[in-house]
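Working notes for the structure below.
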Amino acid sequence: MTENTTSNPSDFIRDIIDDDLKTNKNDGKVATRFPPEPNGYIHIGHAKSVCLNFGIARQYQGTCNLRLDDTDPAGESMEYVESIINDIRWLGFDWEDRLFYASDYFEKLYQFAVELIKSGNAYVCSLSPDEIREYRGTFTEPGKESPYRNRSVEENLDLFQRMRAGEFADGAHVLRARIDMASPNIVMRDPIIYRIKREPHYRTGNKWVIYPMYDFAHCLSDALEGIVYSICTLEFENNRPLYDWIVEKLITGLRPRQIEFARLNLSYTVLSKRRLIELVEKKYVHGWDDPRMPTVSGMRRRGYTPEAIKNFCAQIGVAKNDNLIDVALLEYCVREDLNENAPRAMCVLRPLRVIIDNYPENQVEYFECANHPQKPDMGMREVPFSRELYIERDDFMEAPPKKYHRLGPGREVRLRNAYVIKFESMVKDAKTGEVTELHCTYDPQTRNAPPADGRKVPGVIHWVSAQHCAPAEIRLYDRLFGIEDPGSEEDFLHYLNPHSLETLTTCYAEQSLKNAKPGSQFQFERLGYFCTDARDSTAEKPVFNRVVPLRDSWAKIAGNDKK
RNA sequence: UGGGGAAUCGUUCAAUGGUAGGACAACGGACUCUGACUCCGUUUAUAUAGGUUCGAAUCCUGUUUCCCCAGCCA
């Protein structure tokens, strides 16, 4: 595992870079960029791209720019820009002074467009949107040339200037690249490169009423920034000829190269921006940072760590195969990191009162408990013990099966870090028959020691002292969807997991958890990893999010027995 | 249907003409004051049919399957 973090990753993109370096193709320059559109929060799929682009820059001592690709004012906002900046920083990447906005290039891009018109490579088309679609043809039939395709350079220049000046309504004209209406690649059939859109831009306000299209803006932004490797996802493969066409027409010297890789798909969730927005807007989740969301802000609030996310991105690799990564791998990475770094504590989720009949009424003892069983340097804490305790309801069974080694009639169990107790009797609710209270006795010899007579007590359960513990709220999160690949379903909302959030309001946390720092993670022993909710947790009532449960081999045994 | 991509254990990534390997998952077992962690072990793969070659996951030919493209989104 240590080898993993020290050795450099390798993939087909890094192979290309290695080759370029070997042949000195770009004077040894390595420059990448991460170019999100600020119209939503970034998610684990973006994190893959962030790790790739920034990771390459780091590995080759190159640079990686952060560029907001904000060429369509609809839906873009500063709130999204801020969230993106915040999220990438949190992941641990730095673009130094290279924060750019495509909108900062609007004037330059306009001049590039003028240049394209002058060289006869672009024209103003006045077909309606419907007509443009019709003229485009289909997969099997070539398109038809627009009647406006042969306008003079002067007319095109005049029209384009007037488009900019705001003389025309939205949709009245567009600027198109003059390529080939018969191209088998539909992208190349005179693609639109500028459209009129009377929509205020979150950065340029009302300065512009024409906006460049992605295909035009992106490649030129790359070129302007001196990007060498323009890494994007597979669905842009069809656009690469256009990328190259534009760059070839307008850029001399070093030209950026587009390389495509397969975007991440994660099981039991969706990663398309459209669907994520829908979940937020229709309130199926409580915002972009809902801990069930695969967004970076959601995972942060859930308690995932940057290290876990980055390690996950390293594990999944980079290739061109469509993929659906098992979310279990992400959870593995989270556990791996938290097992190493999260201090342990005890917390009872579904309490059952236990009275130790032979323990003195007003006595309190403090047990020194290790914050981490394998890491003494993480220190100790004192945990109070008294006559009345709470244990987990699951840790008692009235009629336990043989393999169950917790508490039951006639059985003994070890209280974690404390005494061995023995079941004596139970109290039931007269009406419901539910067990409401247990009476036990403790063996005073078993403090920090095995039973004196050598008998074995296989079970160990967690507990809290009733008079010392802190009432807490705990939110148990489960996968957002009930099926592996909801993203492939048109009506994906039908597959939402109705139990993706379970809120427990009568939990009891050990005393030390009262001062838990917001956003900090713990392992609640025998249960899982939990994170103090950064938003809702208070000193009076701490709120914990379950990051991920511990692996539970008992659940498997119990589950098999039922079958 | 035209064009562009991709096919290797259940999932994913490697193997760049020379022993098909890793991780996750699954399944056994050991250990254990967390049924955690850790450790040990096991199962399972080159889409398909031909060809070239001493030797093919890799090269060639055909076939099949999957993904992307007909936004004035990115």
Side-chain angles (χ1 to χ4, degrees), chain A residues 1 4 9-11 15 35-37 39 69-72 74-75 125 127-129 132-134 136-143 170-176 183-189 191-197 210-211 213-215 217-218 232-241 260 262 267 273-274 315-326 328-333 335-336 339-340 344 346 370 372-374 403-406 413-418 420 446 448-450 457-462 484 523-528 549-558:
Chain A
M1 204 39 75
N4 237 335
S10 165
D11 53 64
D15 289 347
E37 185 188 13
N39 66 348
D69 202 359
D70 52 359
T71 57
D72 179 4
C125 179
L127 253 21
S128 72
I132 287 185
R133 194 183 330 115
E134 257 181 68
R136 189 149 36 215
T138 67
F139 289 146
T140 48
E141 302 154 30
D170 288 13
H173 309 282
V174 290
L175 185 70
R176 302 176 71 172
S183 171
N185 182 355
I186 291 180
V187 171
M188 298 298 273
R189 319 239 261 230
I192 294 168
I193 57 177
Y194 262 93
R195 76 286 213 181
I196 303 172
K197 204 163 195 170
I210 57 172
Y211 293 97
M213 297 287 289
Y214 165 85
D215 285 309
H218 197 92
C232 64
T233 46
L234 248 30
E235 65 270 27
F236 291 101
E237 272 179 322
N238 296 317
N239 301 52
R240 186 173 358 115
E260 311 85 7
S267 63
K273 212 177 264 187
R274 197 208 96 215
Q315 299 287 321
I316 59 178
V318 178
K320 296 191 75 158
N321 303 329
D322 288 324
N323 60 75
L324 180 61
I325 306 283
D326 191 342
L329 179 62
L330 214 207
E331 293 172 342
Y332 167 84
C333 291
R335 288 193 190 101
E336 185 186 41
N339 176 50
E340 191 76 8
R344 316 282 123 133
M346 291 193 286
H372 194 293
Q374 282 89 29
K403 286 179 192 164
Y404 181 90
H405 36 248
R406 281 114 92 163
V413 76
R414 159 78 65 181
L415 293 177
R416 174 75 167 151
N417 295 311
V420 170
T446 56
N448 289 323
V457 180
V460 180
I461 65 173
H462 59 280
E484 260 204 308
Q523 185 197 98
F524 290 171
E525 287 191 288
R526 302 208 313 125
L527 297 175
L550 249 31
R551 282 180 52 182
D552 184 1
S553 54
W554 166 248
K556 278 174 197 166
I557 298 166

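All values reported here derive from a predicted model rather than from experimental measurement. Quick note on labels: first sequence line is chain A, next is B, and so on, each numbered from 1.
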* Can you tell me how far C1' in B:rA47 sits from the matching atom in B:rU58, rounded to whole Å? -> 16 Å

* Asked: Below 4.5 Å, heavy atoms only, C-beta onward: do A:H173 and A:Y194 meet side chain to side chain?
  -> no

* Residue mapping more 5' on RNA chain B - nearest nucleotide basis, A:E237 or A:R335 -> A:E237

* Asked: What is the glycosidic conformation of B:rG71: syn, defined as within 90° of 0, or anti?
  -> syn

* Structure fact -> The side chain to side chain donor-acceptor pair (under 3.5 Å) partners of A:N238 (sequence neighbours excluded) come to none

* P gap between B:rU12 and B:rU19, integer Å -> 25 Å

* Measure from CZ on A:R406 to P on B:rC33 and round the result to the nearest Å. => 17 Å

* With P as the reference atom in both, quote the distance from B:rC67 to B:rU11 in angstrom, rounded to an integer. => 15 Å

* Hey, is the main chain of A:E235 close enough, under 3.5 Å, to the side chain of A:T233 for a donor-acceptor pair? -> no

* To do: Select base, sugar-phosphate, or nothing to describe what A:E340 touches, counting heavy atoms under 4.0 Å on all strands.
  => nothing

* Using a 4.5 Å cut-off on heavy atoms from C-beta on, say whether the side chain of A:D72 contacts that of A:K197. => yes

* To do: Please measure how far the P atom in B:rC60 lies from the corresponding atom in B:rG17, and state the result in whole Å.
  => 12 Å

* Do A:I325 and A:Q315 have side chains that get closer than 4.5 Å, going by heavy atoms? -> no

* To do: Assign A:A74 to base, sugar-phosphate, or nothing according to its heavy-atom contacts below 4.0 angstrom with the strands shown.
  => nothing

* Given pairs defined as Watson-Crick or G-U wobble with both distances under 3.5 Å, what dot-bracket annotation applies to RNA chain B, with ( ) intrastrand, [ ] crossing, | other strand and . unpaired? -> .((((((..((((....[..)))).(((((.......)))))....(((((..]....))))))))))).....

* To do: Go along nucleotides 10-15 of chain B 5' to 3' and tag each nucleotide: B for a protein heavy atom under 4.0 Å from its base, S when only backbone or sugar atoms are that close, - otherwise.
  => -SSSS-

* Taking all non-hydrogen atoms of both residues into account, name the closest pair between A:N448 and A:R414 and its distance. => N-NH1, 4.5 Å

* Within the side chain of A:R189, is there an N or O that forms a donor-acceptor pair under 3.5 Å with the backbone of A:S183? -> yes

* For A:R189 and B:rG3, what is the distance between atoms CZ and P respectively, to the nearest whole Å? -> 11 Å

* Taking the C1' atom of each, how far is B:rU46 from B:rA14, in whole Å? -> 13 Å

* **Heavy-atom side-chain proximity of A:H218 to A:N239 below 4.5 angstrom** => no

* At under 4.0 Å between heavy atoms, what does A:R344 touch on the DNA or RNA strands: base, sugar-phosphate, or nothing? -> base

* Measure across A:M213 and A:I192 and return the closest heavy-atom pair with its distance rounded to 0.1 Å. => CG-O, 3.3 Å

* **Under 4.0 Å protein heavy-atom contact, by nucleotide of nucleotides 68-74 of chain B - B base, S sugar-phosphate only** => BBBSBSB

* For the pair made of CD in A:E260 and C1' in B:rC67, what is the distance, rounded to whole Å? -> 14 Å

* Integer-rounded Å distance: B:rC39 P and A:Q374 CD -> 11 Å

* Asked: From the list B:rA36, B:rG5, B:rA25, which nucleotide is the closest neighbour of the side chain of A:A328?
  -> B:rA25

* Considering only heavy atoms from C-beta outward, does the side chain of A:E336 approach that of A:E340 to under 4.5 Å? -> no

* Asked: Quick check: does any side chain N or O of A:H372 sit under 3.5 Å from a backbone N or O of A:N339, one acting as donor and the other as acceptor?
  -> yes

* To do: Pick base, sugar-phosphate or nothing for A:P241, based on heavy-atom distances below 4.0 Å to the nucleic acid.
  => nothing

* To do: Please measure how far the C1' atom in B:rC69 lies from the corresponding atom in B:rC27, and state the result in whole Å.
  => 44 Å

* **A:V460 side chain reached by A:E525 side chain, heavy atoms, under 4.5 Å** => no

* Does A:R526 place a side-chain N or O at less than 4.0 Å from the phosphate oxygens OP1/OP2 of B:rG35? -> yes

* With the side chain of A:R551 defined as its heavy atoms from C-beta on, choose the nearest nucleotide among B:rG2, B:rG5, B:rA36. => B:rA36

* Taking A:D326 for the side chain and A:A328 for the main chain, is one N or O donor matched with an acceptor at less than 3.5 Å? -> yes

* Structure fact -> note: A:E525, atom CD; B:rU32, atom P; distance rounded to Å ~ 17 Å

* **Pairwise P distance for B:rG4 and B:rU61, with rounding to whole Å** => 15 Å

* With sugar-phosphate meaning primed atoms plus P, OP1 and OP2, does A:H462 contact a base, only sugar-phosphate, or nothing at under 4.0 Å between heavy atoms? -> nothing

* Taking NE2 from A:H372 and P from B:rU38, how many angstroms apart are they, rounded to a whole number? -> 10 Å

For nucleotides 18-20 of chain B, give me every protein contact, N/O to N/O, under 3.5 Å, one pair per line with atom names.
none

Using the 3.5 Å cut-off, write out each protein N or O paired with an N or O of nucleotides 40-43 of chain B and the distance between them.
none

* To do: Check for a donor-acceptor pair, side chain of A:R136 on one end and backbone N or O of A:V187 on the other, with a separation under 3.5 Å.
  => no

* When you compare B:rA20 with B:rU44, how far apart are their C1' atoms, in angstrom units rounded to a whole number? -> 13 Å

* A:L415 vs A:I461 side-chain heavy atoms within contact, under 4.5 Å -> yes

* Is any side-chain heavy atom of A:R526 less than 4.5 Å from a side-chain heavy atom of A:R416? -> no

* Can you see which heavy atom on A:D11 is nearest to which on A:V318, and at what distance? => CB-O, 3.7 Å

* What pair of heavy atoms forms the shortest contact from A:I316 to A:L329, and how long is it? -> CG2-CD2, 3.8 Å

